[in-house]
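First comes the structure, then the notes that go with it.
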Number of protein chains: 2
Amino acid sequence: MTTAESPAPITAYEGSCSAVGDGRAVRDVLARVGDKWTLLVVATLRGGRLRFSELQRHIPGISQRMLTLTLRQLERDGLVSRTVHAEVPPRVEYELTDLGGTLLQLSIALGDWAIENRARIEAARAEYDAR
Amino acid sequence: MTTAESPAPITAYEGSCSAVGDGRAVRDVLARVGDKWTLLVVATLRGGRLRFSELQRHIPGISQRMLTLTLRQLERDGLVSRTVHAEVPPRVEYELTDLGGTLLQLSIALGDWAIENRARIEAARAEYDAR
DNA sequence: CAGTATCCTCATCGATACTG
DNA sequence: CAGTATCGATGAGGATACTG
């Protein structure tokens with residue numbers, strides 16, 4: 001799920017069936033959404049706006065650096081808005097945009113799928129590994 | 001339960017809140033599904049069973065190695081079934097399992113989201129970069 | 001045909017230190 | 001408080017060669 005790429009052609013699925021669109025678009029989305037923290041940040045913002053330190057507290061394990069990078073990407077893509085309040089000490093709040101809200105729906109679907117099928121997947125793994 | 005009420009933190013998914021499940025499950029799924037090729041392979045199998053070389057042809061840019069690795073993971077997780085036909089030359093066919101089919105639904109939703117919002121995201125990026 | 005086996009590169013991420 | 005700067009480890013993924 002690397003971000004910086006694709007001189008490659010990748011014309012997968014054009015025409016053949018529109019179910020998933022072209023591979024480039026799907027990969028772009030996955031590159032954004034499939035990294036280690038993005039969906040977790042989006043999910044954490046589902047309750048409304050939070051400031052930087054609150055986000056960090058609610059996402060155990062995320063480093064300051066990765067939270068910053070993830071938020072910058074989300075902001076750049078118009079999925080999250082960033083509001084700086086002119087105060088001392090500084091207060092910066094992040095909030096999902098409307099577009100980010102639609103992504104949230106997907107992340108919930110993905111999360112639900114994860115919960116529902118986790119046991120099945122782990123059973124399959126155990127069986128596979130048993131050989 | 002999309003709480004719109006409390007600014008109170010919906011702390012990090014410790015298995016309690018169902019909206020996104022716990023972070024670990026979500027990350028597991030993303031680790032599986034969010035890599036460079038998995039969803040593309042799943043999507044390619046939507047039409048039914050295909051053999052190794054057919055998959056490779058339909059997914060431009062994928063290396064033999066990555067196709068093999070991706071298929072092994074999917075097989076291990078019970079998302080794809082592998083059938084070896086006792087012939088010469090060998091013929092191996094891959095097909096989505098029922099579980100894999102449910103993942104396909106998600107990949108379609110993700111693909112649709114990608115198509116629908118790609119222009120918006122790129123516009124947001126352009127605007128962001130213009131500063 | 002359908003894979004393994006190696007080698008190698010480069011991006012991702014974590015840790016740490018520093019700053020407006 | 002909310003970042004930036006820098007460094008180093010890890011590992012995903014590509015290229016290539018070989019095999020049952």
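Because the structure is predicted, anything quoted here is derived from the model rather than measured. Residue numbering restarts at 1 for every chain, and letters A, B, ... go by the order of the sequence lines.
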Go through the structure and list residues passing salt bridge (Lys or Arg N to Asp or Glu O under 4.0 Å) with [X], not counting sequence neighbours.
X: B:E93; value: B:R49, B:R91
X: B:R120; value: none
X: B:E54; value: none

Are the side chain of [X] and the backbone of [Y] linked by a donor-acceptor contact shorter than 3.5 Å?
X: B:T102; Y: B:L99; result: yes
X: B:R46; Y: B:A43; result: yes
X: A:T97; Y: A:G78; result: yes

Handout entry: Step-by-step side chain to side chain contact (heavy atoms under 4.5 Å, CB included) determination, B:Y128 to A:D77
Key = CA-CA 8 Å; B:Y128 183 96; A:D77 289 351; over 6 Å; no

Handout entry: Considering all heavy atoms, the nearest B:V42-B:L96 contact
Key =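 Looking at all heavy atoms of both residues, the closest pair is O-CD1, 3.9 Å.
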
Problem - Nearest atoms (heavy-atom pairs only) where A:V41 meets A:I62 - result: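 That would be CG2-CD1, 4.5 Å.
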
Side chain of [X], heavy atoms from C-beta onward: which of [options] has the nearest atom to it?
X: A:R51; options: C:dC13, C:dA2, D:dC1; value: D:dC1
X: A:T68; options: D:dA2, D:dG3, D:dC1; value: D:dG3
X: A:D35; options: D:dG3, C:dG3, C:dC13; value: C:dC13

Handout entry: Watson-Crick and G-U pairing of DNA chain D, under 3.5 Å, as dot-bracket with | and [ ]
Key = ||||||||||||||||||||

Handout entry: B:F52 vs B:L71, side chain to side chain contact (heavy atoms under 4.5 Å, CB included): CA-CA, chis, key distance, verdict
Key = CA-CA 9 Å; B:F52 189 89; B:L71 287 169; 3.9 Å; yes

Practice task
Please determine if a side-chain N or O atom of A:Y94 lies less than 4.0 Å away from the OP1 or OP2 oxygen of D:dC1.
Solution key: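 No, outside the criterion.
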
Exercise for the section: Return the residues of residues 72-88 of chain B meeting this criterion: a heavy atom under 4.0 Å from some atom of DNA chain C. Order them by number, or give none. Expected result: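 Residues of residues 72-88 of chain B under 4.0 Å from DNA chain C: B:R72, B:R82.
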
Exercise for the section: Kindly check if the number of other-residue, nucleotide or ligand heavy atoms within 6.0 Å of CG (A:D98) is above 12? Expected result: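 Open: at most 12 neighbouring heavy atoms sit under 6.0 Å from CG of A:D98.
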
Problem - Interatomic distance, B:L69 CG vs D:dG13 P [rounded to whole Å] - result: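 These atoms are roughly 9 Å apart.
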
Exercise for the section: May I have the distance from A:L67 (atom CG) to D:dA2 (atom P), rounded to whole angstrom? Expected result: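 That distance rounds to 10 Å.
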
Exercise for the section: Assign a letter to each nucleotide of nucleotides 14-20 of chain C from its 5' end: B, base within under 4.0 Å of a protein heavy atom; S, sugar-phosphate only; -, no contact. Expected result: BB----B

